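Position 1 is the first residue of the sequence; numbering continues from there. Values in this document were obtained by computation on a predicted structure and should not be read as measured data.
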Amino acid sequence: NNTPADAYGYVLKWQGVPSAGTVARLLNKGVKMRYSESDFTIGDQSFGKGAIIILKKGNEHFGNNLWKMVAEECNAQEVKMYPVNTGMVNKGFDFGSSMVHAMKPVKVAMLTGEGVGSLGGGEIWDFFDNVLQYPITLINNNDFSRANWNDIDVLIMPDGRYSFLNDKETSAAFEQWIRKGGRVIALENSMAQLSKQSWSSLKSKSDSSDKKDVKKDPYENLKSYQDRERESVSENIPGAIYRVDVDNTHPLMFGYPKYYYTLKLDDNVYEFMKDGWNVGVIKKESLLAGYVGHKLKTKMEDGLLFGVQDLGRGSVTYLADDVLFRNFWETGKLILCNAVFLVGQ
């Protein structure tokens, strides 16, 4: 347990959902915090990217209750508090540098209703309510154009089909909201839909067998009935685990090593973005376990799964896979937290 003394400040390491949950609760209580986008060392203690810095300065309105309140939240999540008595570091950037950013409490909304996958939406809602205990507003997909966009900082689009993207006027208003500072987090098939928008840097990775320079077999459609089961799985991914090479210098992957293991349930993979951050990619020989149909194997090489596109003052975070997957895929939960609380701050 943390028993904090009066100090200049405390630093929390950005390690997994417990630290993200602690920060979410403190943000919701109005505690002012900052995070570092670089590693730093104070005394003999080293801190990685994403470390949370809480100082007395800026939190004077809590008076003597500040550290008691912070300790209660940290103890509840078993997060260690590291006291610091100066903003000057031994190694890295001082707390006053441009590499240390203020964290703002973000107003988060999620689209639900017709066309939105109930599983994907449900697990995100449950994660916010029960794990992060951070407010999230649900907006019905059909009421999209009537939403109060001034009250939304981050919009989560779970796996689904979004009809408003097919409407010229509404999709243009959506684009303008992003350019003015809105942040979108698009998961699974919502990412596929966004890739078709004129402003998107995403392009779906076409199967190598579709390339024009490949001469087609004129008899390929003459299939044997007895081979029907084998044929049906040749273009299928019932479930496979891939190693994702990640850029952990980007806020989307703070708290991770240089790799992540993703559960792949479909063949959604994208070309590397020219105008954007290719934060999580799969390369050749990335398949670790599970089955991938032989017709998809080439497609599932050298492609983008996680990326961030800056658009005006806003951004779009693309997550091709379900990083929560029924709330048991533990290692992916911090990616969603990073997308909500760190990307674009």
Side-chain angles (χ1 to χ4, degrees), residues 14-17 20 49-50 117 119-124 126-127 131 156-160 184-195 202-205 207 233 235-273 276-309 316-340 342-343:
W14 191 252
Q15 292 175 326
V17 172
K49 297 171 185 65
L119 278 178
E123 66 197 12
I124 293 168
D126 177 71
F127 183 63
V131 180
I156 300 175
M157 299 174 69
D159 185 32
V184 175
I185 301 169
L187 293 102
E188 302 180 85
N189 284 316
S190 67
M191 175 175 172
Q193 268 195 287
L194 288 182
S195 72
L202 267 191
K203 192 189 293 180
S204 184
K205 197 170 186 291
D207 192 338
V233 297
E235 297 185 42
N236 192 16
I237 302 181
I241 296 172
Y242 275 84
R243 178 190 162 111
V244 183
D245 288 86
V246 305
D247 174 7
N248 62 3
T249 69
H250 191 285
L252 182 61
M253 295 308 294
F254 282 179
Y256 285 89
K258 290 186 177 295
Y259 57 86
Y260 165 77
Y261 297 113
T262 193
L263 180 63
K264 204 95 189 74
L265 298 169
D266 56 38
D267 64 341
N268 286 345
V269 62
Y270 299 83
E271 302 282 1
F272 300 140
M273 289 189 290
W277 304 103
N278 299 290
V279 186
V281 302
I282 50 175
K283 299 178 179 175
K284 289 181 175 65
E285 311 301 327
S286 289
L287 177 63
L288 293 182
Y291 177 82
V292 175
H294 71 89
K295 289 187 179 178
L296 294 179
K297 279 191 174 164
T298 312
K299 180 181 178 181
M300 305 300 293
E301 292 177 350
D302 294 333
L304 167 75
L305 291 186
F306 307 138
V308 177
Q309 178 186 351
V316 184
T317 298
Y318 299 111
L319 305 175
D321 296 332
D322 184 354
V323 291
L324 297 185
F325 192 66
R326 299 178 187 171
N327 274 337
F328 90 83
W329 199 253
E330 291 295 329
T331 55
K333 292 176 178 178
L334 187 62
I335 297 178
L336 183 63
C337 297
N338 286 344
V340 170
L342 300 186
V343 173

**Item:** Residue pair Trp14 / Lys49, side-chain heavy-atom distance below 4.5 Å
**Value:** no
**Message:** Show the nearest heavy-atom pair for residues Gly120 and Pro158, with the distance to one decimal.
**Reply:** C-CB, 4.1 Å
**Asked** What is the minimum heavy-atom distance between Glu271 and Ser204, and which atoms define it?
**Response** CG-O, 4.0 Å
**Request:** Kindly indicate whether the side chain of Asp159, heavy atoms from C-beta on, has any atom under 4.5 Å from the side chain of Leu187.
**Result:** no
**Request:** Keeping the roles fixed (side chain from Asp321, backbone from Val323), state whether a donor-acceptor pair exists under 3.5 Å.
**Result:** no
**Message:** Does Trp277, at its CH2 atom, have more than 12 non-hydrogen atoms belonging to other residues, nucleotides or ligands within less than 6.0 Å?
**Reply:** no
**Request:** Step by step, work out the side-chain contact (heavy atoms from CB on, under 4.5 Å) result for Val281 and Val244.
**Result:** CA-CA 5 Å; Val281 302; Val244 183; 5.7 Å; no
**Message:** Rounded to the nearest 0.5 Å, what separates atom CD in Glu123 from atom CG in Asp322?
**Reply:** 4.0 Å
**Asked** Who pairs with Gln309 by side chain to side chain donor-acceptor pair (under 3.5 Å), at least two apart in sequence or on another chain?
**Response** Ser201, Tyr318
**Asked** Counting N and O atoms only, with roles assigned by atom type, does the side chain of Ser190 sit under 3.5 Å from a partner on the main chain of Met157, one being a donor and the other an acceptor?
**Response** yes
**Prompt:** For the side chain of Asp245 and the backbone of Ile282, is there at least one donor-acceptor N/O pair under 3.5 Å apart?
**Reply:** no
**Item:** Nearest-0.5 Å distance, CZ of residue Phe127 to CD1 of residue Ile124
**Value:** 10.0 Å
Which donor-acceptor pairs under 3.5 Å do side chains of residues 251-259 form with protein atoms, sequence neighbours excluded?
from: Tyr256; atom 1: OH; to: Thr331; atom 2: O; distance (Å): 2.4
from: Tyr256; atom 1: OH; to: Ile335; atom 2: N; distance (Å): 3.1

**Asked** Are the side chains of Tyr270 and Lys203 in touch, meaning some heavy atoms are under 4.5 Å apart?
**Response** no
**Request:** From the options Asn278, Val316, Val343, select the one residue that forms a side chain to side chain contact (heavy atoms under 4.5 Å, CB included) with Val308.
**Result:** Val343
**Request:** Evaluate the criterion side-chain contact (heavy atoms from CB on, under 4.5 Å) for residue pair Asp247 and His250; output intermediate values, then yes/no.
**Result:** CA-CA 6 Å; Asp247 174 7; His250 191 285; 4.1 Å; yes
**Request:** Check whether any side-chain heavy atom of Leu319 lies under 4.5 Å from a side-chain heavy atom of Thr317, and answer yes or no.
**Result:** yes
**Distance in Å, Leu194 CG paired with Asn189 CG, rounded so as to fall on 0.5 Å steps** = 11.0 Å
**Beyond-backbone contact of Leu202 with Leu304, side-chain heavy atoms, under 4.5 angstrom** = yes
